[in-house]
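Beneath this line is the structure, given in structure tokens, with notes to follow.
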Amino acid sequence: MRIGELAERAGTSTRTLRYYETRGLVRPRRSANGYRIYDEAELRVVHEIRTLLAVGFGLDDIRPFVACLRAGNSSGDVCPDSVAVLRRKLAEVDDYLDRLGAVRRQLHDQLAHAIAQREETCLRTRPTAD
């Protein structure tokens with residue numbers, strides 16, 4: 001298939017596919033007239049790239065997954081290098097969640113303090129009934 005068909009089937013643009021090619025992730029053949037020609041395996045590679053990008057992986061992180069697919073595996077995440085990237089990414093996400101939890105606790109405490117201060121101020125400034 002040519003680049004336009006691959007782009008359409010993969011749900012991306014031809015510009016993006018050319019970018020992936022410059023990064024060494026997508027490998028077209030060239031026809032006699034210089035057109036890029038892609039086989040079904042490249043469609044799988046592009047789907048893998050797009051899936052991993054969607055969950056926050058960078059293009060350099062994706063290389064082991066592409067290599068795993070190119071090695072003939074049915075999935076890009078079964079090879080040791082891919083598993084190592086998954087472990088590292090999971091540790092990053094866990095770290096982000098820990099930091100977000102700390103921010104959440106701080107905001108909760110600050111809000112509770114602000115509400116208590118406001119209620120105390122309102123009680124002091126409320127007119128008394130004689």
Side-chain angles (χ1 to χ4, degrees):
M1 76 189 92
R2 291 187 20 200
I3 193 167
E5 182 182 352
L6 177 61
E8 185 177 323
R9 289 181 63 190
T12 191
S13 68
T14 57
R15 182 178 181 174
T16 297
L17 293 175
R18 286 190 291 272
Y19 178 68
Y20 295 163
E21 182 182 349
T22 64
R23 297 295 304 264
L25 295 171
V26 175
R27 297 181 189 162
R29 294 185 331 268
R30 294 288 182 154
S31 66
N33 60 3
Y35 290 142
R36 290 171 172 88
I37 305 295
Y38 301 89
D39 58 23
E40 291 295 319
E42 292 306 304
L43 179 60
R44 286 185 54 224
V45 166
V46 174
H47 280 299
E48 185 84 4
I49 292 168
R50 293 185 49 76
T51 298
L52 292 168
L53 286 172
V55 295
F57 285 85
L59 289 178
D60 289 334
D61 292 333
I62 292 171
R63 290 184 188 290
F65 297 87
V66 171
C68 192
L69 282 175
R70 291 198 190 288
N73 294 292
S74 60
S75 174
D77 58 5
V78 298
C79 296
D81 290 345
S82 302
V83 171
V85 172
L86 288 169
R87 283 189 175 133
R88 183 182 49 75
K89 193 62 161 176
L90 183 59
E92 286 176 19
V93 169
D94 286 342
D95 183 52
Y96 291 144
L97 289 173
D98 289 344
R99 285 189 273 155
L100 281 172
V103 168
R104 184 181 189 285
R105 285 187 297 278
Q106 180 182 351
L107 289 171
H108 183 272
D109 292 347
Q110 189 173 352
L111 177 61
H113 178 73
I115 290 170
Q117 288 291 97
R118 183 170 181 220
E119 288 174 358
E120 183 179 307
T121 301
C122 287
L123 287 175
R124 277 188 277 141
T125 59
R126 183 179 294 167
T128 56
D130 290 326

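Atom set for the values below is all heavy atoms of this structure, side chains included, hydrogens, waters and symmetry mates excluded.
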| task | Please test Arg30 against Arg36 for side chain to side chain contact (heavy atoms under 4.5 Å, CB included), starting from the C-alpha separation and ending with a verdict. | result | CA-CA 5 Å; Arg30 294 288 182 154; Arg36 290 171 172 88; 3.4 Å; yes
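- Side-chain contact between Pro28 and Glu21 is present, with at least one heavy-atom pair separated by less than 4.5 Å.
- Closest of all the heavy-atom pairs between Cys68 and Gly76 is CB-O, 3.4 Å.
- Note on Glu92 versus Lys89: salt bridge recorded, some NZ/NE/NH1/NH2 to OD/OE distance being below 4.0 Å.
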| said: The test is side chain to side chain contact (heavy atoms under 4.5 Å, CB included); show your working for Phe65 and Asn73 and say whether it passes. | reply: CA-CA 10 Å; Phe65 297 87; Asn73 294 292; over 6 Å; no
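- Nearest approach of Tyr20 to Arg50, heavy atoms of both residues: OH-CG, 3.9 Å.
- Both Val55 and Ile49 belong to a single network of hydrophobic side chains, linked directly or stepwise wherever heavy atoms of I, L, V, M, F, W or Y lie under 4.5 Å apart.
- Note on Arg105 versus Asp109: no salt bridge recorded, every NZ/NE/NH1/NH2 to OD/OE distance being 4.0 Å or above.
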| message | Go through it in stages, so that I can follow the logic: the residues are Val46 and Arg9, the test is side chain to side chain contact (heavy atoms under 4.5 Å, CB included), and I'd like the CA-CA distance, side-chain angles, deciding distance and then a yes or no. | response | CA-CA 10 Å; Val46 174; Arg9 289 181 63 190; over 6 Å; no
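- Side-chain contact between Leu53 and Leu59 is present, with heavy atoms from C-beta onward closer than 4.5 Å.
- The two residues Asp77 and Val83 have their closest heavy-atom pair at O-CG2, 3.6 Å.
- Considering only heavy atoms from C-beta on, Leu97 comes within 4.5 Å of Val93 through its side chain.
- In this structure, the side chains of Glu119 and Ile115 come closer than 4.5 Å at one or more pairs of heavy atoms.
- Between the side chains of Tyr19 and Arg23, at least one donor N or O lies within less than 3.5 Å of an accepting N or O.
- Looking only at side-chain heavy atoms (C-beta outward), Asp61 and Arg88 come within less than 4.5 Å of each other.
- In this structure, Glu48 does not pair ionically with Arg70, as no charged nitrogen and carboxylate oxygen lie closer than 4.0 Å.
- Going from atom CZ of Arg104 over to atom NE2 of His108 covers 6.5 Å, rounded to the nearest 0.5 Å.
- Atom CD of Glu8 has 12 or fewer heavy atoms from other residues, nucleotides or ligands within 6.0 Å.
- Proximity of Arg63 to Asp81: side-chain heavy atoms (C-beta onward) are nowhere separated by under 4.5 Å.
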| field | Working for side chain to side chain contact (heavy atoms under 4.5 Å, CB included), residues Asp39 and Arg29 | value | CA-CA 9 Å; Asp39 58 23; Arg29 294 185 331 268; 4.3 Å; yes
